[in-house]
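Remarks on the structure that follows.
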Amino acid sequence: MTKPKVLVTRRWPAAVEAQLSQHFDAVLNTSDVPMTPEDFKAALASYDAVLPTVTDKIGAPALELARPQTKILANYGVGFSHIDMARVSDHGICVTNTPDVLSECTADLAMTLLLMVARRAGEGEREVREGQWTGWRPTHLVGTKVSGKTLGIIGYGRIGQQMARRAHHGFGMKIIVQNRSKVAPEVLAECGATQVDSIDDLMPLCDFVSLHCPGGPENRNLINASRLNLMRPDAFLINTARGEVIDELALSQALWFETIGGAALDVFDGEPRINPVLRDCDNLVMLPHLGSATREAREAMGFRVIDNLRDFFEGRAPRDRVN
Ligand code: DGY
């Protein structure tokens with residue numbers, strides 16, 4: 001039997017690429033150069049499967065073709081707001097993602113950001129590297145205690161729940177949750193969490209707010225000026241979800257005028273471009289989308305893609321189908 005023709009759009013961990021080549025007629029992107037919409041259009045016309053990552057935009061320009069050859073987009077990543085799901089579904093293309101396997105590592109990174117911004121670790125590191133540190137003193141880079149504080153979690157899916165576990169069981173934090181649907185009482189009970197009805201209800205109650213909701217047009221600017229205004233003046237905002245969820249201009253103003261204590265971002269609207277208004281905010285920690293960036297998670301994500309592909313091409317329903 002001929003093997004399905006599979007296109008991998010970026011470099012993946014070597015162990016995963018080796019398995020892809022074993023199971024499929026796989027074309028790897030050894031140069032790791034991102035593909036253009038035209039490249040995607042050509043790929044969708046000739047490969048049985050295309051394996052995009054969360055930074056590969058598959059929108060109208062890539063999808064304007066009458067009958068794509070591609071039957072499955074096996075996405076490497078949990079978020080799929082970079083894919084125009086309506087158009088893809090119209091073409092009858094199956095889309096899968098890679099949930100579960102990156103939840104712990106992404107929550108670890110959200111906790112890293114929370115600690116960094118509360119304890120001013122970014123400022124301290126910049127000071128040491130720039131040779132500006134003049135020595136220990138009682139008033140130097142005094143931050144905010146994390147243990148025992150209140151953490152608000154917006155989006156209580158797998159990653160949000162992992163974040164709650166770390167914060168509650170590791171740091172004794174009180175957990176407040178906002179989620180589109182009602183969270184089962186036993187799930188809330190695992191971290192002694194309380195669910196509130198709306199983001200507006202959650203914001204004023206929290207010392208820290210961590211975003212774990214999906215991106216996409218429906219959540220664009222979910223955290224806008226009026227919601228930032230509801231935060232306490234010493235509270236911190238953490239984002240490991242998607243950049244578009246925050247109105248970055250409004251955030252920069254909240255940081256500049258210190259109407260909130262600080263923020264820590266792993267994701268940016270239009271990344272890797274960083275909105276210049278964010279660059280000069282000292283009370284802002286910024287990381288380059290490292291949420292799932294551990295060897296363990298990135299390999300597991302790749303193997304999960306392979307499971308989805310094998311299920312699909314061997315006639316089973318892929319476990320992570322999202323459309
Ligand atoms: C995802 O999978 O959506 C993450 O953002 C990748 O780190």
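In each ligand, atom 1 is the first atom listed, and ligand 1 is the first ligand listed. Keep in mind that the numbers below use all heavy atoms, side chains included, and drop hydrogens, waters and symmetry copies.
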- Query: So does Lys57 pair up with Asp84, basic N to acidic O under 4.0 Å?
  - Reply: no
- Side-chain H-bond candidate by donor/acceptor type, Asp320 with Asn97, under 3.5 Å: no
- Message: When you compare the side chains of His169 and Glu190, does any donor N or O come within less than 3.5 Å of an acceptor on the partner?
- Response: no
- Message: Do Thr9 and Asp56 pair up side chain to side chain, a donor and an acceptor below 3.5 Å, judged on atom types alone?
- Response: yes
- With a cut-off of 4.0 Å, which atoms of ligand 1 are near a heavy atom of Gly77? 2 (O)
- Just need the protein heavy atom nearest to atom 3 (O) of ligand 1, so name the residue and atom and give the distance. Arg242 NH2, 2.6 Å
- Query: Which of the atoms in ligand 1, numbered in the order shown and given with their element, are less than 4.0 Å from a heavy-atom of Leu102?
  - Reply: 2 (O)
- Check each of Ser81, Ala293, Ser292 against atom 6 (C) of ligand 1 and report the one with the nearest heavy atom. Ser292
- Query: Asp207 pairs by salt bridge (charged side-chain N to carboxylate O under 4.0 Å, His left out) with which of Lys145, Lys149, Arg232?
  - Reply: Arg232
- Message: Please check whether Gly291 reaches ligand 1 - meaning an N/O of the residue sits under 3.5 Å from an N/O of the ligand, judged on distance alone.
- Response: no
- Item | Nearest-contact summary for atom 4 (C) of ligand 1 - protein heavy atom, Å | His289 NE2, 3.8 Å
- Task: Could you tell me whether Lys41 and Glu38 make a salt bridge, using a distance below 4.0 angstrom between a side-chain N and a carboxylate O?
- Result: no
- Identity and separation of the nearest protein heavy atom to atom 2 (O) of ligand 1: Val78 N, 2.6 Å
- Message: Please list, in number order, the atoms of ligand 1 under 4.0 Å from a heavy atom of Gly79.
- Response: 1 (C), 2 (O), 3 (O)
